[in-house]
Number of protein chains: 2
Amino acid sequence: MSSPRTRPDSRTRILAAAAHEFAAHGFDGANMDRLARAARLNKAMIYYHFRGKAALYAEVFREFIRGVLDRLHAVEESDADPSDKIRAFVLAIAAEARLRPHFPPMWLREVAGGGRHADQATLGLIAQIPATLGRIVDAGVGRGEFRPAHPLLLHFGIIGPLILYFVTEPVRVRLDRVSGLPPIPPDDVLEQIVHATLATLDPAPRALEARPSRQGRRS
Amino acid sequence: MSSPRTRPDSRTRILAAAAHEFAAHGFDGANMDRLARAARLNKAMIYYHFRGKAALYAEVFREFIRGVLDRLHAVEESDADPSDKIRAFVLAIAAEARLRPHFPPMWLREVAGGGRHADQATLGLIAQIPATLGRIVDAGVGRGEFRPAHPLLLHFGIIGPLILYFVTEPVRVRLDRVSGLPPIPPDDVLEQIVHATLATLDPAPRALEARPSRQGRRS
DNA sequence: GTCTATATCGGGATAGAC
DNA sequence: GTCTATCCCGATATAGAC
């Protein structure tokens, strides 16, 4: 995990190459030979540093989650308004995704697989992300600035579009050519997500027009 | 593709089992032996009906996309208001996801992989989904009911949360236990997504509070 | 159309020299 | 710590009988 002396190399290179490989091909599709080549090392070195493919994957994934959580906790502990914290929450995840471009694809695949490759401890870390959002919302509700919302569902409204935006960045060229759509203005992405999230939390929604004709009620 | 008489048989069973297998394990993780057992057939039968794993995958995937597109085109051609069409758009995708629970995971993995397993024709089909949304938005803009928004980004705001909701259904039990969160009220999901989408399209946004600069108190 | 049996190969993991 | 060479299982795909 960490020796006192500077050990810049093989282990770090393996982790970097692993992030790339897992992001591009998923757990099952990842190839240890290719990974070793990318790290400019021999395959045996991987097994010298890590117990196996699964352990390497878990390590990479936990590193990502920790990076996100560090930022989010900083957001939570700031003294901004609740709505500014929501904004900062979105920006923090986006910043981390930009910093570690391999995170969005890995995260997507992990979700699609039902968390199969994540041990219980890692799942616990992941759960802290919506939990943090939930505390921010609660604070806003306490001040009367937000109406209550389910943290996980709200979180889906944030990372869903965000991750899709990042993860489709490479494909969009292909898609755009087929669909004839213009590229997405980068600045719009975060604005829209923040705006939509705050609209969901708005205690006085103006969404009468959102209701078709008759509407069931929940509190 | 279709014989006139009822052929409820091997080919159909293979497709059903394939949807399950690909959804649960992804393309690389899918196992033809396990797939054959699930279809109560021998593995050789798969290769009798399909050219290989890739062809089988493509067939399943295209079937899903067609199902979605059929619903969406019906929505587009209805004579509802633009905002009701937006609502119907969301409901249509949700209905299809309920009907074919294997679609959300497959779709997620495909996106994460950058559309690697989809041929150009299938990509063209996929592109029709946001394109349809775009035409609905354009109609609303023409009536002054919507403000312009990028169709693909808007689409991300819809399917992102939606797919995450469906795809995490199995995991949420595990996650909830760790996080201590209550389950998501199912009725809230579609309401929130529709509401957020319409808020994004609102031509007179009340989102001054969404701006980073210091905001004044609201009335 | 449906089966059993098998060819073939890619890739995760290890042995052991240096 | 780093390498080369290799084991060996699992998985796709096929041959060929019925």
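Just the heavy atoms: all of them, side chains too, but no hydrogens, waters or symmetry mates, feed the values below. Here is how names work: the chains are called A, B, and so on, in the same order as the sequence lines, proteins then strands, and each is numbered from 1.
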Counting primed atoms, P, OP1 and OP2 as sugar-phosphate and everything else as base, the B/S/- map of nucleotides 4-18 of chain C against protein heavy atoms under 4.0 Å is B------SBBBB---
B/His49 atom NE2 is separated from C/dC3 atom P, nearest whole Å, by 10 Å
Salt bridge (Lys or Arg N to Asp or Glu O under 4.0 Å) pairs touching residues 101-121 of chain A, sequence neighbours excluded, are A/Arg62-A/Asp119
Original post:
Think B/Arg172 forms a cation-pi with B/Tyr165, using NZ or CZ under 6.0 Å from the six-ring centre and within 45 degrees of its axis?
Top reply: yes
Please list every donor-acceptor pair under 3.5 Å in which a side-chain atom of residues 130-138 of chain B meets a protein atom from a residue at least two apart or in another chain.
{"residue": "B/Thr132", "atom": "OG1", "partner": "B/Gln128", "partner atom": "O", "Å": "2.7"}
{"residue": "B/Thr132", "atom": "OG1", "partner": "B/Arg135", "partner atom": "NH2", "Å": "3.4"}
{"residue": "B/Arg135", "atom": "NE", "partner": "B/Glu76", "partner atom": "OE2", "Å": "2.5"}
{"residue": "B/Arg135", "atom": "NH2", "partner": "B/Glu76", "partner atom": "OE1", "Å": "3.1"}

List, one per line, each side-chain donor-acceptor pair under 3.5 Å for residues 38-47 of chain B, sequence neighbours excluded.
{"residue": "B/Asn42", "atom": "OD1", "partner": "B/Ala44", "partner atom": "N", "Å": "3.0"}
{"residue": "B/Lys43", "atom": "NZ", "partner": "B/Asp33", "partner atom": "OD1", "Å": "3.2"}

In whole angstroms, the gap separating P of D/dT2 from CZ of A/Arg11 amounts to 12 Å
Taken to the nearest whole Å, CZ/A/Arg37 to P/D/dC3 is 14 Å
Residues passing the side-chain hydrogen bond (donor to acceptor under 3.5 Å, both in side chains) test with A/Gln192, sequence neighbours excluded, are none
note: B/Arg13, atom CZ; C/dG1, atom C1'; distance rounded to Å ~ 12 Å
Rounded to whole Å, the CZ-C1' distance (A/Phe50 to D/dT2) equals 15 Å
note: A/Ile46, atom CD1; D/dG1, atom C1'; distance rounded to Å ~ 14 Å
Applied to residues 149-159 of chain B, the salt bridge (Lys or Arg N to Asp or Glu O under 4.0 Å) test, sequence neighbours excluded, yields none
To the nearest angstrom, the OH-C1' distance between A/Tyr48 and D/dC3 comes to 13 Å
Check your understanding: Which part of the nucleic acid, if any, lies within contact of B/Leu41, taking any heavy atom under 4.0 Å across all strands shown: a base, the sugar-phosphate backbone alone, or nothing?
Key -> sugar-phosphate
